[in-house]
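Only one structure is covered here, and it is reproduced in the block below.
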2 protein chains.
Amino acid sequence: MSEQPTYLRIAGDLRQRIADHEWAEGAQLPSRAQLAKDFGVSDAIIRRAQELLIAEGILEGRAGSGTYVAEQRKRLRMTRSCLSGRLDEAPGGPDLGALGGMETWESRSDGIVPAPKQVACRLGIAEGDYCVRTAYEHLSDGKPVYLSTSWEPYEITSGTLVMMPDGGPLAGAGVVRRMAEIGITVTHAVERSEPGQVNAEEANLLGIQRGAPCTRIERTFYGDDGRAVETADIVVPATLCEIVYEVPVWQGSDSSD
Amino acid sequence: MSEQPTYLRIAGDLRQRIADHEWAEGAQLPSRAQLAKDFGVSDAIIRRAQELLIAEGILEGRAGSGTYVAEQRKRLRMTRSCLSGRLDEAPGGPDLGALGGMETWESRSDGIVPAPKQVACRLGIAEGDYCVRTAYEHLSDGKPVYLSTSWEPYEITSGTLVMMPDGGPLAGAGVVRRMAEIGITVTHAVERSEPGQVNAEEANLLGIQRGAPCTRIERTFYGDDGRAVETADIVVPATLCEIVYEVPVWQGSDSSD
DNA sequence: TCGAATTTGTGCGTATGTATC
DNA sequence: GGATACATACGCACAAATTCG
């Protein structure tokens, strides 16, 4: 116990051995009792080490069956290209289809709701002002890959045909197109990215383990008048998607490094 | 126990009460024993719930003292702007200084090493080909905020004055400038972003808790000939930095949403 | 179909070490 | 030194899910 706690040492050992392909993807690990005997520690310590690796998405526990090396599903690449004339835009989502099969989504606008404080702040409106909220489940080849919830200020689209993202003639069209329809040009988006874990509900929707690592993105679209036209909370599980940004490098600036 | 395990229910309860500011930032929570009595569960369950929140960066445990609501240090904003003539570039790092004080860094090039498989793949060179590896510790107002390790193919800078990032006349200058010096124009970067946790060593360097959530970015710079000129592993702890991308929206594309 | 064995998931009590006050 | 509180570790019990005879 000199330097590192036992459970961390064992977690590291298992992590290394999995990286070295001692166990194949999808293979079952020895049982807790067996590992405890192998390592000469108690049952609970093995459990604790495994919990760490499960949270990291490396292992997967199946009740009644065993602990397995998590399968690396072929992940959907979500690319934001800032380089050329790519359009990166889907409802609460970026450019899909860069890699992989059929990307689709299901949405349910759950109507007009007062903006929570955080959302109001991002949209530059007052807390409690009305918004159209829409929840999306994004699918690739029919399987869920990431989630998003979007808010649009009611004031902007109120009375137009594009008020509901999933209704009207442009049902299912992206924010950019829908806003263009009512004379608003969307110029850019700002994305705030944070690491996190999926909660039980999200895990259920995505068909993955609770606590699996994910990236939470707060994305806000801005119109040519500088106003925010939509903001979204996007949950991107690391096991299902990889996030790639392509950014240009501007020469001759004050690169102070 | 109907739906959710007790420890998750309690974790959720505490998370909510912290969000509601029942305890201020930096405030000490009641002791485990007290909370166990309050919730009518065992000591261990409280511990388990608290461990979850500590992993989420919401709580902070101090041995011998107590459990505290984690202080939200004013975070450094790391912005990648793809919009105008901003330069986003520092060694293994992006535009700093958008918000906050003095941004500096310390680096130690630990010499010429054979490229590991992953790095070789990102640089488009063969495994084992030599690289100049440099580790950076990025500081804001003297305090560490994020870490990075960069690899540059030895072949590119070999024999030039800019071979070592922290040596020669352009010591401490960014990749873009150093490459410009030897006639290579860096045109763009690709960043792959993944959620993760900091390990013990990183936590130590950053002065934060082990297991704290972070974003791991694999960034690769490309020259005008399409060759990769540098790649870096960047560790951005969520508690110290926020990551923001500004991306343009291209009108009239196949926005299929 | 049933049931027993196995394995994980959850919960509890306790002991020891160590840091803080 | 003593009291308190967290960190780690062990042992046990039971539930739930799975597997297999």
Side-chain angles (χ1 to χ4, degrees), chain A residues 1-14 23 26-70 197 199-200 203-204 207-212, chain B residues 1-14 23 26-55 57-70 197 200 203-204 207-212:
Chain A
M1 240 108 336
S2 61
E3 267 306 329
Q4 237 185 348
T6 312
Y7 74 96
L8 284 180
R9 186 175 52 76
I10 291 176
D13 184 293
L14 292 176
W23 297 288
Q28 183 176 1
L29 259 61
S31 75
R32 284 209 313 246
Q34 183 59 50
L35 286 174
K37 217 164 65 175
D38 293 349
F39 280 106
V41 299
S42 98
D43 202 40
I45 294 307
I46 299 295
R47 182 78 189 82
R48 207 167 164 186
Q50 286 184 341
E51 264 169 6
L52 272 180
L53 301 185
I54 288 172
E56 291 175 18
I58 293 174
L59 289 183
E60 190 184 332
R62 296 179 210 159
S65 176
T67 306
Y68 298 79
V69 179
Q197 289 102 39
N199 62 33
N204 203 292
I208 59 178
Q209 302 246 131
R210 180 185 62 221
Chain B
M1 233 106 341
S2 60
E3 265 306 329
Q4 241 185 344
T6 311
Y7 73 96
L8 284 180
R9 186 174 52 77
I10 291 176
D13 184 294
L14 292 176
W23 297 288
Q28 183 176 3
L29 260 61
S31 76
R32 284 214 308 250
Q34 184 58 51
L35 285 175
K37 217 164 66 175
D38 293 350
F39 280 105
V41 298
S42 101
D43 202 37
I45 293 308
I46 299 294
R47 182 78 188 83
R48 211 168 159 182
Q50 286 183 342
E51 263 170 7
L52 274 180
L53 302 185
I54 288 173
I58 293 174
L59 289 182
E60 190 183 331
R62 295 177 212 163
S65 176
T67 306
Y68 298 80
V69 178
Q197 288 103 40
N204 203 292
I208 59 178
Q209 303 248 130
R210 181 185 58 221

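The figures here come from the full heavy-atom set of this structure, side chains too, leaving out hydrogens, waters and symmetry mates. Each chain gets a letter, A, B and so on, in the order the sequences are listed, and its residues count up from 1.
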Taking it one step at a time, do A/Leu14 and A/Trp23 satisfy side-chain contact (heavy atoms from CB on, under 4.5 Å)?
-> CA-CA 10 Å; A/Leu14 292 176; A/Trp23 297 288; 3.9 Å; yes

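- Residue pairs meeting the salt bridge (Lys or Arg N to Asp or Glu O under 4.0 Å) criterion with at least one partner in residues 60-70 of chain A, sequence neighbours excluded, are A/Glu60-A/Arg62.
- The distance from atom CD of B/Glu60 to atom C1' of D/dC6 is 13 Å, rounded to the nearest whole Å.
- For A/Thr67 and C/dT8, the shortest distance from a side-chain N or O to OP1 or OP2 is below 4.0 Å.
- In this structure A/Asn199 satisfies the side-chain hydrogen bond (donor to acceptor under 3.5 Å, both in side chains) test with no other residue, sequence neighbours excluded.
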Hey, can you pull the donor-acceptor pairs under 3.5 Å for the side chains in residues 39-55 of chain B, sequence neighbours left out?
{"residue": "B/Ser42", "atom": "OG", "partner": "B/Ala44", "partner atom": "N", "Å": "3.0"}
{"residue": "B/Arg48", "atom": "NH2", "partner": "A/Glu51", "partner atom": "OE2", "Å": "2.8"}
{"residue": "B/Glu51", "atom": "OE2", "partner": "A/Arg48", "partner atom": "NH2", "Å": "2.7"}

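- Distances shown here put a side-chain N or O of A/Thr6 below 4.0 Å from the OP1 or OP2 atom of D/dA9.
- For DNA chain D, the residues of residues 30-38 of chain B within the heavy-atom distance limit of 4.0 Å (strictly under) are B/Ser31, B/Arg32, sorted by number.
- To the nearest 0.5 angstrom, B/Leu59 atom CG is 12.0 Å from B/Tyr68 atom OH.
- Spacing between atom CD of A/Gln209 and atom C1' of D/dA17 amounts to 14 Å, rounded to whole angstrom units.
- Contact between the side-chain N/O atoms of A/Tyr7 and the OP1/OP2 oxygens of D/dA9 is not found at any separation under 4.0 Å.
- Minimum heavy-atom separation, A/Gly61 to A/Gln209: O-OE1, 3.4 Å.
- Computed from coordinates, the B/Arg62 CZ to D/dA7 P distance equals 11 Å when rounded to whole Å.
- Less than 4.0 Å separates DNA chain C from at least one heavy atom of each of the following residues of residues 41-58 of chain A: A/Arg47.
- Across the protein-nucleic acid pair, B/Leu29 atom CG and D/dA5 atom P stand 13 Å apart, rounded to whole Å.
- Under the rule for a side-chain hydrogen bond (donor to acceptor under 3.5 Å, both in side chains), B/Gln28 has no partner lying at least two apart in sequence or in another chain.
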